[in-house]
There are 2 protein chains.
Amino acid sequence: MSEYSQFCPIAKAMELLDERWTILIVRELLSGSSHFNEIRSGNPKMSSALLAKRLRALVRYELVDRHEDGNRVVYSLTPAGLELRPIVESIGIWGTRWAADLGDQDLDPQVLLWDVHYNIDHGILPPGRTVVQFVFPKAEPHLRNWWLVLTADEADICDADPGHDVDVTVTADLRAFAAVWMGDRTWPNVLREGAISIGGPETLRRAFPSWLKLSMFAGVPRVPAEL
Amino acid sequence: MSEYSQFCPIAKAMELLDERWTILIVRELLSGSSHFNEIRSGNPKMSSALLAKRLRALVRYELVDRHEDGNRVVYSLTPAGLELRPIVESIGIWGTRWAADLGDQDLDPQVLLWDVHYNIDHGILPPGRTVVQFVFPKAEPHLRNWWLVLTADEADICDADPGHDVDVTVTADLRAFAAVWMGDRTWPNVLREGAISIGGPETLRRAFPSWLKLSMFAGVPRVPAEL
DNA sequence: CAGTATCCCTTATGATACTG
DNA sequence: CAGTATCATAAGGGATACTG
């Protein structure tokens, strides 16, 4: 932490919060991640060494608690960390309104599907296990195929075939999928246009879009285009 | 700006906002600063070169507008920049609750008085000009004496004697003054204890505390001490 | 799984001085 | 007033490999 030498509470807060990646780590913890590699899944471009360093700092600032549970390590937000939620949400709302232009490098399938897997409407899934395969034909080969394994109380994202039978196959243009997820386009619109196609038994195919709750920022009112 | 390569609006926003000093510059603009050296006054530890660089970036991101008015340069927030207010405020609220421990290096008289000068209750000042001298006996010699020049519509802070007759002299322990400003202590309390003393004609001396509105975060509910 | 350890190259930025 | 210019050093962080 480098210091601003100001009594101002905004400055005192930013001493703890303005390092690169810090807010994104808090976002992951607020979303439900609690293990080192879960946080990495939501931030795949961050190196392991850097995440370890940031987590150590967050524990030192008493925003995050580190707890060993058997052979696993569990990270969780302290009361101070939990109260960062209004900050993180207002940043997301602002970003949705004013920083929503995505470059090609922003369309990372892993980050997108990681967000998706935390926002599944488990209540309306078919009974048992449902496997959705995502194919992003234009992505780099190793980022092209993903499997989402859904049960009544879990959602797992895999970048390797988990071996189960696939129930639904979603072939998508990544930009179109992100636009649906963010509430900028609708399922009927992208399906009609062919930017996304859904394969599988008709019942499942038709049900699939309803399984995904959208991004928590999908409903944010947008800035009207200038006339 | 370095990039996170994530579609997430929180990440897209932080690409613009998480560089050191950026939020503090926005804070100054939200408080009412519009000139280069006003922003510096609120951030005296930032070098001129660095402020220039940050301002160029903020203009590039379209959060700040730079406008030449005759021979002066005027900075103002764009619509996108103005919408940062909820973020900055929630950061300040959080900082007040969870990052309020001040080290000695945080007690910078200039930053504190700069905040004070933006929060004067001009409506209840005596008519004409009122000059308040602040003395912080324990501060470094060059930060020990300050003059606050108040009129019906202006408040100026000087670190050199502006030459006017002084109406009120406030001799203060800086930590006590910051505590009053932040709402952690009351005027009666610090006056009784002698941590601050006010000199001058009795009417003015008694009126002085009411001229200062407190920090905008003075009313934030604090975290109850653990039992 | 949850990290460490190194190496090495950029960036960032503090200090100082200068300018139209 | 509103910046530039230059230098020197510190910090940041990517790549890669390794570990209990």
Side-chain angles (χ1 to χ4, degrees), chain A residues 1-6 11 14-25 28-29 33-60 64-76 105 108 142 156-160, chain B residues 1-6 11 14-25 28-29 33-60 64-76 105 108 142 156-160:
Chain A
M1 168 179 52
S2 54
E3 305 190 347
Y4 287 117
S5 298
Q6 295 189 7
M14 291 313 284
E15 288 180 357
L16 308 182
L17 302 176
D18 72 359
E19 269 186 315
R20 204 166 136 72
W21 294 108
T22 295
I23 288 292
L24 302 187
I25 294 167
E28 278 311 304
L29 292 165
S33 291
S34 55
H35 300 294
F36 189 90
N37 284 337
E38 288 178 343
I39 301 169
R40 286 203 73 186
S41 295
N43 294 289
K45 293 270 161 51
M46 182 170 37
S47 75
S48 166
L50 188 51
L51 175 55
K53 181 178 173 184
R54 285 287 184 278
L55 283 169
R56 274 196 302 275
L58 286 167
V59 169
R60 183 156 35 86
V64 167
D65 179 62
R66 183 183 188 280
H67 168 240
E68 307 204 9
D69 179 22
N71 53 352
R72 296 207 76 179
V73 176
V74 178
Y75 291 97
S76 59
Q105 79 289 349
D108 180 319
H142 67 288
D156 286 322
I157 280 290
C158 319
D159 62 356
Chain B
M1 166 179 53
S2 53
E3 304 191 347
Y4 286 118
S5 299
Q6 295 190 7
M14 290 315 283
E15 288 179 356
L16 307 183
L17 302 176
D18 71 359
E19 267 184 317
R20 204 166 136 71
W21 295 107
T22 295
I23 288 291
L24 301 188
I25 294 169
E28 278 310 304
L29 292 165
S33 291
S34 55
H35 300 294
F36 190 89
N37 285 337
E38 287 179 344
I39 301 169
R40 285 203 75 187
S41 295
N43 295 290
K45 292 269 162 53
M46 179 169 38
S47 75
S48 166
L50 188 50
L51 175 55
K53 182 178 171 183
R54 285 288 184 279
L55 282 170
R56 275 197 301 275
L58 286 167
V59 170
R60 182 155 38 84
V64 166
D65 180 60
R66 182 185 190 279
H67 166 241
E68 306 204 8
D69 179 21
N71 54 352
R72 296 207 76 179
V73 177
V74 178
Y75 291 98
S76 60
Q105 78 290 347
D108 181 320
H142 67 289
D156 286 322
I157 279 291
C158 319
D159 60 357

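Proteins come first, then strands; the chains are lettered A, B, ... in the order of their sequence lines, and each starts at number 1.
For Arg20(B), no side-chain nitrogen or oxygen approaches OP1 or OP2 of dA12(C) to under 4.0 Å. Regarding contacts with the backbone of dC1(C), every side-chain N or O of His35(A) stays at 4.0 angstrom or more from both OP1 and OP2. Look at Arg54(A) and you'll find a side-chain N or O under 4.0 angstrom from OP1 or OP2 of dG13(D). Taking side-chain N and O atoms only, Arg66(B) has a distance below 4.0 Å to OP1 or OP2 of dG3(D). Between Asn37(B) and dC1(D) there is a side-chain N or O to OP1 or OP2 distance below 4.0 Å. OP1 or OP2 of dG3(D) sits under 4.0 Å from a side-chain N or O of Tyr75(B).
Partners of Arg40(A) according to the side-chain hydrogen bond (donor to acceptor under 3.5 Å, both in side chains) rule, which considers only residues two or more places apart in sequence or in another chain, do not exist here.
Protein atom CD1 of Ile39(A) is 12 Å distant from nucleotide atom C1' of dG3(C), rounded to whole Å. Rounded to an integer number of Å, the gap from Glu3(B) CD to dG13(D) C1' is 16 Å. Taking atom CG on Asp69(B) and atom C1' on dG3(D), their separation rounds to 17 Å, with Å as the unit. Rounded to a whole Å, the CD1 atom of Ile25(B) is 11 Å from the P atom of dT13(C). The separation between Leu55(A) atom CG and dG13(D) atom C1' is 16 Å, rounded to whole Å. Rounded to whole Å, atom C1' of dT11(C) lies 14 Å from atom CG of Leu50(A). Whole-Å rounding puts the Met46(A) CE to dG12(D) P distance at 16 Å. The distance from atom CH2 of Trp21(A) to atom C1' of dG14(D) is 12 Å, rounded to the nearest whole Å.
The shortest non-hydrogen separation linking Leu55(B) to Phe36(B) is CD1-CD1, 3.8 Å. Closest non-hydrogen pair, Glu28(A) versus Ile39(A), comes out as CG-O, 4.0 Å. Counting all heavy atoms, side chain and backbone alike, Arg20(A) lies closest to Glu3(B) at NH2-O, 3.2 Å. Heavy atoms only, all atoms of each residue included: Asp108(B) and Ser5(A) are closest at CB-O, 3.8 Å. Heavy-atom minimum distance, Leu17(B) versus Ile23(B): O-CG1, 3.9 Å. Closest heavy-atom contact between Trp21(A) and Tyr4(B): N-OH, 2.9 Å.
Residues Ser47(A) and Val74(B) each lie close to DNA chain D; by heavy-atom proximity, the contact nearer the 5' end of the strand is made by Val74(B).
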Please write out the pairs of protein N or O atoms and N or O atoms of nucleotides 4-8 of chain D separated by less than 3.5 Å, giving the distance to one decimal.
unit_1 : atom_1 : unit_2   : atom_2 : d
dT4(D) : OP1    : Arg56(B) : NH1    : 3.2
dT4(D) : OP2    : Arg56(B) : NH1    : 3.2

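Residue Lys45(A) holds its NZ atom at 14.5 Å from CG of Leu50(A), rounded to the nearest 0.5 Å.
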Self-check item: Under the 3.5 Å Watson-Crick or G-U criterion, the dot-bracket string of DNA chain C, with | for inter-strand pairs
Solution: ||||||||||||||||||||
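Val64(A) places a side-chain heavy atom less than 4.5 Å from the side chain of Leu29(A). In this structure, Val73(A) and His35(A) have side chains that are not in contact, with every pair of non-hydrogen atoms separated by 4.5 Å or more.
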